[in-house]
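Letters go in sequence order (proteins before strands), and every chain restarts at 1.
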Protein chains: 2
Amino acid sequence: MLSGTNLKYTKAFNFRIVFETIRLLGPISRADIARKTNLTPQTVSNIVHRLIQKSLILSADKLQKRRGAPSTNLILNPNGAYSIGIDFNRDHLTGMLVDLEGKVISKYFYEVDNPEPYRAVQLISDTVNLLKEVQIDQKSYFAGVGISLPGPLSINENNEVINTINPKAFPNWHNVPIVALLQQKIDSSIFLKNNASAAAIGELWYGAGKNQNDFLYLFMGAGLGGGVVIAGSVFEGANRNAGELGYFPFINDVSPLSTSDVPHIGEHFNLSNLYSWLNISGIMIKRPEDLENLYLKGNKKLSEWIDLAKTYLTPVLLSAEYLLDFDTVILGGRLPEVIIKHFALDLPDLLSKDRVDMKSVAPKVIVGTAGPDAAALGAATLPVFDLFSAQKDILLKN
Amino acid sequence: MLSGTNLKYTKAFNFRIVFETIRLLGPISRADIARKTNLTPQTVSNIVHRLIQKSLILSADKLQKRRGAPSTNLILNPNGAYSIGIDFNRDHLTGMLVDLEGKVISKYFYEVDNPEPYRAVQLISDTVNLLKEVQIDQKSYFAGVGISLPGPLSINENNEVINTINPKAFPNWHNVPIVALLQQKIDSSIFLKNNASAAAIGELWYGAGKNQNDFLYLFMGAGLGGGVVIAGSVFEGANRNAGELGYFPFINDVSPLSTSDVPHIGEHFNLSNLYSWLNISGIMIKRPEDLENLYLKGNKKLSEWIDLAKTYLTPVLLSAEYLLDFDTVILGGRLPEVIIKHFALDLPDLLSKDRVDMKSVAPKVIVGTAGPDAAALGAATLPVFDLFSAQKDILLKN
DNA sequence: GATATTAAATCAAATAAATTGACTAATTAA
DNA sequence: TTAATTAGTCAATTTATTTGATTTAATATC
C-alpha cells in the first residue's frame with residue numbers, strides 16, 4: 001500500500017502496456033502505439049523488439065495511411081502462450097486449454113456429485129495433467145493453471161479455502177489448503193478465484209468487457225454470483241465476498257420454495273431451485289442444456305420462473321446502479337444463452353420503472369461473450385492476467 | 001488508460017509516497033520509511049531532503065530504539081501548506097481556511113436561500129477572497145481552492161455544472177460553466193466535487209478513513225449522499241453519480257410525506273422532510289443545530305423519525321455490503337453528532353437481522369471525525385489531495 | 001573502561017531505462 | 001523530379017534509483 005517504485009517496475013509496466021495496446025487495438029503500428037501510450041517511438045520500438053523475441057506478438061501487413069514510410073502492423077501471436085482453466089463446482093468440472101487469444105484448444109467435462117476436498121484435488125490435478133499432454137507449439141510459453149471455485153467458497157491469504165458465507169453447503173470445505181495440495185500434483189503455478197470473479201476477469205480480458213474498465217458482471221450458475229470490475233481489475237472486498245449477490249436479502253419473498261429464515265435472492269436464483277420448480281409441474285430436467293429446448297418451445301412454467309427471477313434481479317441491479325453508477329452490466333453464467341439474452345432484453349425496462357423519473361442515463365445490459373463456459377475461460381485467464389495485464393499495481397514494489 | 005510511464009513519474013510518485021508515509025505513520029525515521037516503502041535508504045534520504053526544503057515536513061526528536069545511531073523522527077509541518085474549502089448548498093455556505101493537518105484557521109458561515117448561479121459565484125468568490133486575506137506563514141504553500149456542491153449537481157468533463165438526476169430541484173443550474181466563472185474572480189486553482197464525495201475524501205485524508213483504503217461513506221445532509229472509496233480514491237462512476245444513494249428506490253414506502261411517483265430513500269432522508277415531520281406536531285425547527293437539544297430531551301417525534309430512517313438505511317447498507325464487501329462504513333453529515341452516533345450504534349444490529357445467518361463477518365459502522373463541517377473540510381482537502389496524494393494514477397503519463 | 005557490534009544517514013560512483021537528436025528509408029504531394 | 005512527411009532505429013544523453021563505502025553515534029560485551 002505504501003510502496004515506492006523504480007526503473008525496473010517502470011520497464012515491466014511499459015512492457016505490459018505496449019502488449020495491452022496491441023492486444024486491444026491491434027493490428028496497430030509502433031508509431032500509433034507511441035501516440036496512444038505517450039511513450040516515445042524509441043521506447044515502443046525497443047519493447048516491441050522484446051515482445052517479438054518472446055514470440056508474444058507478430059509483424060503483420062504493412063499499411064500506408066497518408067504520406068511517409070508505411071507502418072508495419074503488429075498483432076498478437078495466438079500461439080505465444082497457453083494456459084489451463086478449471087471450473088470446479090458441486091455438479092460439474094470443466095477443464096480447458098486455451099491459447100493467448102482465448103481460443104479453446106482442448107476441453108474436458110465431467111459431472112460430479114459434490115465431491116469432498118481430497119477427491120476434488122485428484123479430479124482437478126488429473127484433468128490438468130491430461131490437458132498438459134496436448135501437443136502445442138514448442139516455442140510457446142505456458143502461463144499456468146487457473147482454478148475457479150463456487151461462490152460461497154473463498155480463498156484466504158494463506159491460499160486455503162474457507163467458508164465465509166455458507167458453510168453448510170460445503171460441509172468438508174473449511175480451512176482446506178487447496179493450493180498446497182494441488183501443488184503436490186501439479187508442476188505449474190496455480191491461481192484460484194471464485195467462479196463469478198474468474199468469469200468477470202474472463203469477460204474483462206477476452207469478452208464483452210474488453211474495452212470497459214468498470215462494470216458489474218452477473219453470473220447465473222448454481223447460485224447467483226457477481227464480479228465487480230473497477231479500474232480494470234476485479235474488486236474483491238475485505239473478505240473476498242464482493243459481488244456475492246446470492247445472499248442479497250430480499251425482504252418480501254414471494255417464492256414458494258423459500259427455506260431460509262432470511263429470504264435471499266440466491267435461494268430463488270439457482271439451478272436446483274429451477275429444476276424443483278419445473279419438477280413440481282412434472283417437467284423432469286437435470287441439465288442447463290435441456291432448458292434451451294424448453295425455452296424455445298415457450299414452456300409456461302419456465303417463463304413464470306424467468307419472470308419471477310427478473311423481479312428479483314431488478315432491485316439488485318438498481319442498488320448497484322445507484323451505489324456504483326456503472327454504465328455497463330454484463331450477464332453470464334450457465335443458463336442457456338437464449339435465456340440470458342431474454343434477461344438482457346427485458347431488464348432495462350423493468351429497471352426504468354423503479355427508477356426515479358428525472359434520471360436520464362441508464363446502464364446498458366449486455367450478454368457476456370464467453371457463454372456457459374465463462375467460469376472455465378475465466379479461470380484460464382487468471383495466469384495470463386497475472387503475467388500480462390497492465391494493472392497499476394505492477395508498478396509498486398511490494 | 002493505456003498510458004506508459006517513465007523516470008519523472010517515478011520520482012513524483014516516490015516523493016508522494018514518502019510524504020504519505022510521514023503523514024500517516026509519523027513521527028517516523030528515514031530508515032523506517034525505507035523499510036515501509038521498500039525504497040532504499042538513500043532514495044528516502046534524498047526525498048526527505050527535498051520535503052524539508054519545501055517546508056512540508058520537519059525534523060523532530062531523536063529516538064534510539066536498540067543499538068546503533070539514533071534515528072531522527074520526521075513529522076508533517078502543519079504550516080507547510082494551506083488550502084481553502086467552500087461547502088455551497090441551497091441553504092448555506094461554509095468557507096474555511098485549513099492547514100496541512102486539517103486544522104481550521106478561519107471560517108465563515110452564511111445562510112442562503114437557493115441562490116441562482118451568478119449570485120452563488122459572487123458569494124463563493126467573495127468568501128474565498130476574504131479567506132485569502134488571513135495572515136499566514138509567508139513561506140508556506142497555498143494549495144488551492146476546493147468547492148463542494150450539493151449531490152444532485154454534478155460536474156462534467158468541461159467543468160460545467162450539470163444536473164444528472166434531479167433537474168427540478170435546481171432550475172437554473174444546468175450547463176453552468178462554474179469553474180470558468182469563478183476563475184474570473186479567483187486567482188488560484190479551483191477543484192470541484194459533490195459534497196458527499198468531497199466529505200469522503202476529507203475522511204480519507206484527515207479523518208476516520210485515514211488508514212482505510214476501501215470504505216462506504218454516508219453523508220446525511222440536505223439529502224442522502226454517499227462516497228464510495230476504493231483503493232484509496234473516490235470512485236465516481238460513469239456519470240459521476242456513484243454513491244448518490246438518495247435516489248435509491250424504496251419499494252414499500254411507508255413515509256406519510258412521500259410525494260414522488262417512485263418512492264426513494266432521499267425523499268425521507270433529508271432535513272426539510274425532518275423539519276416538516278416535526279412541524280406537523282407543532283415543533284418549529286429550522287436548523288440542524290436545534291435538533292441536538294430536541295434529541296437530548298428525548299423528543300418522541302424525533303425518535304420516531306430516526307427509527308424510520310434506520311429502517312430505510314438498513315437495506316441500502318446491506319446491498320452495499322453484499323455488492324462491495326466493505327468492512328467499514330463511515331457516517332457523517334449535517335445532523336448533530338449525537339444523532340449520527342445513535343445511527344452508528346443501532347445499525348449493526350438491524351443489519352444482522354436481515355443478513356443471512358451463516359455469515360460471520362460484518363462491517364463496522366463508525367462516525368466520521370469531521371463533524372457537521374465535513375463537506376467544507378472535504379472541499380479544502382481537494383487541492384491538497386491533488387497535490388500530495390500517492391494515488392497510482394500519478395504514475396501514468398496521461 | 002576499552003572494544004566490538006549494530007544501526008542511521010549520507011557521499012560518490014555505478015546502473016539502467018527512457019529520452020533526445022540525428023539519420024535512413026519509404027512513400028505521397030506538388 | 002523534388003519536396004514533404006512519416007516510420008523506424010542507432011547512438012549519445014539524461015536522470016532517478018541503486019550500490020558500495022564511509023562516517024557517526026549509540027549499546028553490548030568482555
Sugar-phosphate only, base, or nothing, as touched by B/Arg35 at under 4.0 Å among non-hydrogen atoms: sugar-phosphate
Touch class at under 4.0 angstrom, heavy-atom based, for A/Lys397 against every strand present: sugar-phosphate
Grab the [atom1]-[atom2] distance between [X] and [N] for me, whole Å please.
X       : N      : atom1 : atom2 : result
A/Asp32 : D/dT5  : CG    : P     : 18 Å
A/Ile28 : D/dA7  : CD1   : C1'   : 14 Å
B/Tyr9  : D/dT17 : OH    : C1'   : 19 Å
A/Gln42 : D/dA11 : CD    : C1'   : 9 Å
A/Ile52 : D/dT9  : CD1   : C1'   : 13 Å
B/Phe15 : D/dT15 : CZ    : C1'   : 17 Å

Nearest heavy atoms of A/Asn14 and B/Gly4, plus distance in Å: OD1-CA, 3.3 Å
Exceeds 12 heavy-atom contacts within 6.0 angstrom, atom CG of A/Asn398: no
Greater than 12 external heavy atoms within 6.0 Å of B/Asp187's CG: no
Span of DNA chain C, from the first to the last nucleotide whose atoms fall under 4.0 Å of chain B heavy atoms: C/dT5 to C/dT19
Position toward the 5' end of DNA chain D (nearest nucleotide), B/Lys8 or A/Ser71: A/Ser71
5'-most by nearest nucleotide on DNA chain D - A/Arg67 or A/Ala31: A/Arg67
5' precedence on DNA chain C between A/Ala69 and A/Arg50 (nearest-nucleotide basis): A/Arg50
Determine yes or no for a side-chain-to-main-chain donor-acceptor pair under 3.5 angstrom, with [X] supplying the side chain and [Y] the backbone.
X        : Y        : value
B/Thr5   : A/Thr10  : no
A/Ser45  : A/Pro41  : no
B/Gln183 : B/Ser188 : yes

Short side-chain N/O contact from B/Asn14 to OP1 or OP2 of D/dA16, under 4.0 Å: no
Phosphate-side-chain proximity, A/Ser45 and D/dA7, N/O vs OP1/OP2 below 4.0 Å: no
Separation between CD1 of A/Ile28 and CZ of A/Arg35, rounded to the nearest 0.5 Å: 9.0 Å
Closest nucleotide among D/dA25, D/dT18, D/dG8 to the B/Thr40 side chain: D/dT18
